[in-house]
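Everything on this sheet refers to the single structure shown next.
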Amino acid sequence: MREYDFRKIEEKWRAQWVANKTYHVVEDETKKKFYVLNMFPYPSGAGLHVGHPLGYIASDIYARFKRQQGYNVLNPMGYDSYGLPAEQYAIQTGQHPEKTTFQNIDRYREQLDKIGFCFDWDREVRTCAPGYYHWTQWAFQKMFNSYFDNTLGKAQPIEQLIANFEAKGTEGIDAAGSEELRFTAEEWKAMSEQEKSQTLMNYRIAFLGETMVNWCPKLGTVLANDEVIDGVSERGGYPVEQKKMRQWCLRVSAYAQRLLDGLQTIDWSDSIKETQKNWIGRSEGAEVQIKVADSDIDFTIFTTRADTMFGVTFFVLAPESELVAQLTTAEQKEEVDKYLTYVKSRTERERQIDRTVTGVFSGSYGINPITGEKCPIYIAEYVLSGYGTGAIMAVPAHDSRDYAFARHFNLPIIPLVEGADVSEESYDAKEGIVMNSPMEGKSSLNGFSLNGLTIKEAIEATKKFVSENGLGRVKVNFRLRDAIFSRQRYWGEPFPVYYKQGIPCMIPEECLPVELPQVENFLPTESGEPPLGNAQMWAWDEANRKIVDKALIDEKTVFPIELFTMPGFAGSSAYYLRYMDPNNAEALVGEKVSEYWQNVDLYVGGSEHATGHLIYSRFWNKFLFDLGVSKKEEPFQKLINQGMIQGRSNFVYRIKDTNTFVSLGLKDQYDTTPIHVDVNIVKNDVLDVEAFKAWRPEYETAEFILEDDKYICGWAVEKMSKSMFNVVNPDMIVERYGADTLRLYEMFLGPVEQSKPWDTNGIDGCHRFLKKLWQLFWDKDGNLQVDATEPTADNMKSLHKLIKKVSADIEEFSYNTSISAFMVATNELTAQKCRSREVMTQIVALLAPFAPHVAEELWEALGQEGSVCDAQWPEFDEKYLVESSVQLGVQFNGKVRFSMLFPADATPEQMVEMALAAPEAQKHIEGKQIVKTIAVPKRIVNIVVK
RNA sequence: GCCCAGAUGGUGGAAUUGGUAGACACGAGGGACUUAAAAUCCCUUGACCAUUGCGGUCGUACGGGUUCGAGUCCCGUUCCGGGCACCA
């Protein structure tokens, strides 16, 4: 008997893989490439729990499978080590972020190394390494020096725009901009340097903008929209307020249409595509000019329901709109000011929770361009300044928000859809026949009428009418906003930017990277003063082309450097490209290397990045694609979202005001409080009473009321966290069962994409399977019992059933059923006493992606050359599964009554005949009439009787 | 409110995509081996009825429908999870 000594085996192969550089990958034109990628981790202080490796294991299995199929597989790993989480951890533990980040990285690496991943560590990247963020800064500069040409639908050098301005001003330009500007070449030339810089900022893809930002005083920084959830910060849950600040931004909105279109070309789950669609929020509508009565001012509204123009009874401006000041009349000024003060006093969170109707009349009236009617203009916070034009036409009959407002202020409601009852609520649906457009006896511009059309037809007709009559134009709006790109924080990429008379300029490319300076005090400030202001070495000397000591500023002409840093997503947006060529000092990625690896074929990570990283990355890659650096428009062809591993918490029940604990089954007889208990001292919900007493001093004297001499704990599924005492550490599992068992069990738990609780209890099953498999190879003296024995038909059948199942399952990420199939095959081969080297060799090759350590050991024992990583993936052959006969159920009226053997090649007619001839069939036919017969070869025979 | 995904034993989950529901594993119960424990092996394990043998009825959140046949397809309802949300 040779024992399955997993510790020895795994230690041996870990060392061998390192010594032989088994996982080192080089570009190889003779092989097809396959790029597998995991979302790289933030090295947080808590280390890995069993949930983290789930996705890594799933992708590792796939990577190994592809390699065995003959692909050249890139499967790298690195660390997302800049940004808020890393810095918050450092602040909480009172250490410098650099120190904690490196410590955490080492800890992660140590844990990852134990699980047997086929990562090529020579390609490791760290976003906080100067050699890496060099290219983050480089990409930022490229964005600064580019604008988005709407006609070409892609980024172009800013010089082209400048040339156009020099020659013809804005004429002929259709460029994505913060606002629409119109000026002539002469006006351009007359601008000062500052004005020119300001103007160009309107177009640059990376630009400095004065915008409303999410300011989080507690974190001392601004946050991107996806970092704010329900009005509080995602990290820490601190309040977030709206504040106008000068910030670096990325013109992500310019790419909105391409981000939307690209979704159709990639193989992602519907739900994540849907999430991105919602986030991009395309809506097609019309912009219409509204003249203000008794004034020469006009303003523009945006609507997706152009068909409802006949139902407009008032207009509404966002309180932040610039029009508010212009349109407020003297009589109304006091009230409007009062209202604006009230609006300002409300935080974003209050606005979201409390949605009572508020608003104020501006005193002015707008003229409906189609009906010519005068309608009052209101100011109300339900209209947002950031979307559309910040002004709307209100149609209370067909918009629930307008309806609520109209009811509150007693404004008229005109129904426009036949049969729509608007006495209680608005009719928002886009179905029905239009009426009252115009109302009987009323006129409209050029006799325009929509009556009798369906709503969909009416929308199109109105859009056409509006643009043909110069009242406005068709417009597509997106909810997607530009990304705020600066943070008032220390732990991030410095901007390669300096200021010359207040004008932001790029530090020359050859001087990159601008390294993050060491500072004593890296803490953020509530006022928003960036901690980089504390740096000594921190100004730019153009003459010497270097960053100089701050103290020299007074003596020489030196220009101050940008003190903001970049946000977390800066470094994580193009890291997949850097893995291709991680040590290239000349470029982000070499031309030939980029051409070879193209893009990521399989990306694995959590769905929580749907509106953050996965949008930014796609945007960033599209920009690099426009530059020709990235070779594919979409960075991640297939995306698998691994589910979250939740914790399974255990509870003990303390009787109130005592130190006595009562077992689950008896707890209802007492007044008890449930208390979380460490899952590591509970097995199969039975509490280790002695360990519990030793767990905490206050439980030393605890007493127990048992059932069947056991203390049974309650349980619940919760988030895996320290405070719930349900964290299971992978190191502990590896120590007790081995990495191969951990890998198998994580996959056996259920489908990769599904969230599920971790329950260590089931792990024995997977461990037992490996032991059984191991025993298949050794006789009772511990010698290899596999030899040149000819495989039997049964052996080959078991083997090929397995090949078929596993090959298909891996492609679909159904690893749990693959493992079941292994268990069945092992049992079958054990029962068959299989000794065939041919069969066993192939079994080991199949097992290699799942349990690489034991597979290597057996591969070697079988006398095979090289690593099992390069074992050819076994080929499935149908002929071993061909049966001469099949056992099928015979149904009468859809119910299976008995089963019998049929020849595998029997025709449906023959099957029916045989089934009817069977003795068991007689009692079902007797005295009845056969109405119909159905037979499907290899499936079913059904006979309908009456 | 809108959109997306889901609901199968005590538990995690299978089901060749419309063809014998509950594979595989855990847990539980019984047994073998053992001085004992661990380890290992064997049997039972959806519910109910029958059990001397055969067996029978119900059953995939709930209510309908299509079909010879539905966990799977269609309509409606409930519940849980996720996304978006004064986005005009």
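Just so it is clear, the structure is predicted and the values come from calculations on it, not from any experiment. Note on naming: letters A, B, ... go to the chains in the order of the sequence lines (proteins, then strands), and numbering restarts at 1 for each one.
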Q. So what does A:Asn942 hit on the nucleic acid, given a heavy-atom distance under 4.0 Å: a base, only sugar-phosphate, or nothing?
A. base

Q: Could you check whether A:Gln891 gets within reach of a base, just the sugar-phosphate, or nothing at all, counting any heavy atom under 4.0 Å?
A: base

**Q.** Test salt bridge (charged side-chain N to carboxylate O under 4.0 Å, His left out) applied to A:Arg648 and A:Asp685, step by step
**A.** CA-CA 10 Å; A:Arg648 188 179 185 278; A:Asp685 292 336; 2.9 Å; yes

Q. Between B:G1 and B:C79, how far is it from one P atom to the other, in whole Å?
A. 11 Å

Q: Have a look at B:G9 and give me syn or anti from its glycosidic angle (syn if within 90° of zero).
A: syn

Q) Syn versus anti for B:U20, judged by chi lying within 90° of 0? A) anti

Q.
Please check if the number of heavy atoms outside A:Glu608 that lie under 6.0 Å from its CD is greater than 12.
A. yes

(Q) It should be established whether A:Arg939 places a side-chain nitrogen or oxygen under 4.0 Å from OP1 or OP2 of nucleotide B:U17. (A) yes

Q. Between A:Tyr387 and A:Phe302, what is the ring plane arrangement, given parallel below 30°, perpendicular above 60°, and tilted in between?
A. perpendicular

Q: State whether the side chain of A:Ser426 and the backbone N or O of A:Ser400 hold a donor-acceptor pair below 3.5 Å, judged by distance alone.
A: yes

Q. Quick one: A:Trp268 CH2 to B:G82 P, roughly how many Å, whole number?
A. 21 Å

Q. Roughly how many Å is it from CD in A:Glu284 to P in B:A88, rounded to a whole number?
A. 12 Å

